[in-house]
Amino acid sequence: MSKKLNIGLFGFGVVGQGLYDISLSRNLNLEFKKIAIKDPTKKRTLPENLFTTDKWEILKNPEINTIIELINDAEAAFEIVSYALQNGKNVVSANKKMIAEHLDELVAFQKEHGTSLLYEGAVCGSIPIIRNLEEYYDNELLFAVSGIFNGSSNFILSKVFNENQSYANALKEAQDLGFAETDPTLDVGGYDAKYKVAIAAAHAYGLFVDPKKIMNIGIQNLQLSDLQYAREKGQKIKLVPVAKKQNNKEVSIYVLPKLVKKEDFLFNVENEYNGVSVQAAFADQQFFFGKGAGGHATGAAVFSDVSALRYGYRYEYKKAKIETKVAFNNEEILQVYLRFNQEGLVDKLPFLDIIETFSSKDYHYVIGNIKLDDIAKAKDLILNDGAFIADTGNYRA
């Protein structure tokens, strides 16, 4: 039988409102007892007595057995979530930064106090990838988990590639639609995707990796010449996070733009949609597609977690418990396209070999093989030059 959930909700923005809308359409055994907000002067669609600005009014309420955390502040979110887990309350969260940075601690809290933290809405919006990694692929050997994990950056790339919009105009449209923040660095810089792939790696490989160790380079330096190069090759540019097994003992995790070929599933993932590719030993390649941005898309994933808590569901982190563990490294060799401004930049990067070079008055690029760790070390040099780097998808034998 399902358990009644008395809910304390933190945050009533786009996702919080979306979640509430969805809950009204379903006759489930749950009740929103209190909603914590920042701005009490803002007009709300719900009765005023349902809202509070005091987090302790929710966290210390013995009636409330379930916390839903949907705020932007990662530090404040960790304080809320960790207190709740340690005090007998189950939690649903969509805060990917907080979860990625504190996942090992959060897992320990759950184990010690017998509580459950679910976070499907933190990774890839409406796509149920965490539950699938936990359940469907629990005994499967996974070679790679990759895809488009950030709807905001994908929306921008779709607009500039398919509609010939400028990067600035596409970014503004994404912001106007609520797909990107006023400061878009989290999305276009690949940070959002990095947090999400770090979480996915925990369920795919049992790896708890500090996001600071994961290399991320985004699309912020994209120029018309890069789009033209991709078009000439019959490809598109996508921002792709990757968690990939190098051998039986090592996994590489990174976020980098990628030149995607027509035969790749990701080629036709456009606008705010996400796509996740799972390459498995027995199931082969499988692809998940769905909306990655928007209140109802993420709200649906959060609601699915809330529903699962009614039956006592919790993540088991099965692959973190196996004896033969894998380690994280940045030793993978990638073939990359590097468009640059200052010729000295190429000399500063330790390419293993250069396959192709091109130089004109306004446009210079090289194609070459380089170690992932060396790209990570040169990240600031690349970004400060205004250069754009992308994985070509071709690998050295």
Side-chain angles (χ1 to χ4, degrees), residues 1-13 15-16 19-20 23 28-40 46 49-123 130-131 134 195 198-199 202-203 208 210-211 298-299 301-318 320-321:
M1 292 192 53
S2 70
K3 167 187 175 184
K4 182 180 181 185
L5 303 186
N6 292 319
I7 294 170
L9 171 62
F10 284 82
F12 201 64
V15 177
L19 169 66
Y20 193 85
S23 70
L28 298 184
N29 195 15
L30 57 86
E31 180 182 352
F32 286 85
K33 290 287 188 179
K34 216 73 177 175
I35 302 173
I37 54 171
K38 257 187 174 182
D39 183 4
L46 302 178
N49 62 1
L50 194 57
F51 296 97
T52 180
T53 56
D54 181 7
K55 66 183 176 185
W56 300 113
E57 192 176 342
I58 292 177
L59 290 174
K60 293 193 174 182
N61 184 338
E63 264 195 287
I64 292 174
N65 56 25
T66 305
I67 299 297
I68 303 176
E69 178 280 306
L70 300 174
I71 65 175
N72 290 326
D73 187 329
E75 288 185 18
F78 179 65
E79 184 181 359
I80 291 163
V81 171
S82 58
Y83 182 91
L85 292 173
Q86 292 176 90
N87 286 274
K89 300 181 193 295
N90 293 325
V91 181
V92 174
S93 174
N95 195 310
K96 73 282 295 184
K97 184 176 190 290
M98 180 275 292
I99 294 164
E101 290 181 340
H102 298 283
L103 190 52
D104 52 350
E105 297 168 77
L106 295 169
V107 171
F109 290 148
Q110 294 173 77
K111 184 178 179 182
E112 182 181 352
H113 299 281
T115 46
S116 176
L117 167 65
L118 303 181
Y119 41 79
E120 194 68 70
V123 183
I130 299 300
R131 198 86 59 86
E134 268 286 304
Y195 300 135
I199 296 168
H203 296 272
F208 296 92
D210 182 348
T298 306
V302 173
F303 188 77
S304 175
D305 281 343
V306 173
S307 182
L309 284 178
R310 293 164 55 235
Y311 298 95
Y313 181 76
R314 66 184 61 209
Y315 300 139
E316 296 181 52
Y317 303 96
K318 298 169 189 174
K321 298 174 184 176

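With sequence neighbours excluded, the residues satisfying side-chain hydrogen bond (donor to acceptor under 3.5 Å, both in side chains) with Glu79 are Lys55.
The two residues Gly121 and Ala301 make their nearest non-hydrogen contact at CA-CB, 3.6 Å. Contact record, Ser23 with Leu30: CB-CD1, 4.4 Å, taken as the closest heavy-atom pair. Arg314 approaches Gly114 most closely through the heavy-atom pair NH2-O, 3.1 Å. Lys96 and Ala122 get closest at one heavy-atom pair: CB-O, 3.4 Å. Closest approach of Ser93 to Leu117, counting heavy atoms only: CB-CD1, 4.2 Å. Nearest approach of Phe208 to Val107, heavy atoms of both residues: CE2-CG2, 3.9 Å.
Put simply, the side chain of Asn95 gets close to the backbone of Ile71: a donor and an acceptor are under 3.5 Å apart. Proximity of a side-chain donor or acceptor of Asn65 to a complementary backbone N or O of Lys4 within less than 3.5 Å is detected. Not a single donor-acceptor pair under 3.5 Å links the side chain of Glu112 to the backbone N or O of Ala108. In this structure, Glu57 contributes its side chain and Thr53 its backbone to no donor-acceptor pair below 3.5 Å. Between the side chain of Glu120 and the main chain of Arg131, a donor-acceptor pair closer than 3.5 Å is present. Tyr315 contributes a side-chain N or O that, together with a main-chain N or O of Tyr119, makes up a donor-acceptor pair within less than 3.5 Å. Of the possible polar contacts, one joining the Glu134 side chain to the Glu316 backbone as a donor-acceptor pair under 3.5 Å is found. The main-chain N or O of Tyr313 is found under 3.5 Å from a side-chain atom of Ser116 such that the two form a donor-acceptor pair.
Residue Phe10 forms a side-chain contact (heavy atoms from CB on, under 4.5 Å) with just one option from Leu59, Val81, Val91, Asp73, and that option is Leu59.
Residues Phe109 and Ser82 meet the side-chain proximity criterion, which asks for heavy atoms closer than 4.5 Å. In this structure the side chain of Leu103 reaches within 4.5 angstrom of the side chain of Tyr317, judged on heavy atoms.
Taking CD1 of Ile37 as the start and CG of Asp54 as the end, the distance is 12.0 Å to the nearest 0.5 Å. Rounded to the nearest 0.5 Å, atoms CG (Asn6) and NZ (Lys33) are 4.5 Å apart. We find the CD-CD1 distance between Glu31 and Ile7 to be 9.0 Å, quoted to the nearest 0.5 Å.
For Glu75, the CD atom counts as loosely surrounded, since its 6.0 Å shell holds 12 or fewer non-hydrogen atoms of other residues, nucleotides or ligands.
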TODO: Take Lys3 and Asn90 through the side-chain contact (heavy atoms from CB on, under 4.5 Å) test and state the conclusion after the steps.
DONE: CA-CA 12 Å; Lys3 167 187 175 184; Asn90 293 325; 4.0 Å; yes
TODO: Show the numbers, then the answer: is there a side-chain contact (heavy atoms from CB on, under 4.5 Å) between Leu46 and Tyr20?
DONE: CA-CA 10 Å; Leu46 302 178; Tyr20 193 85; 3.4 Å; yes
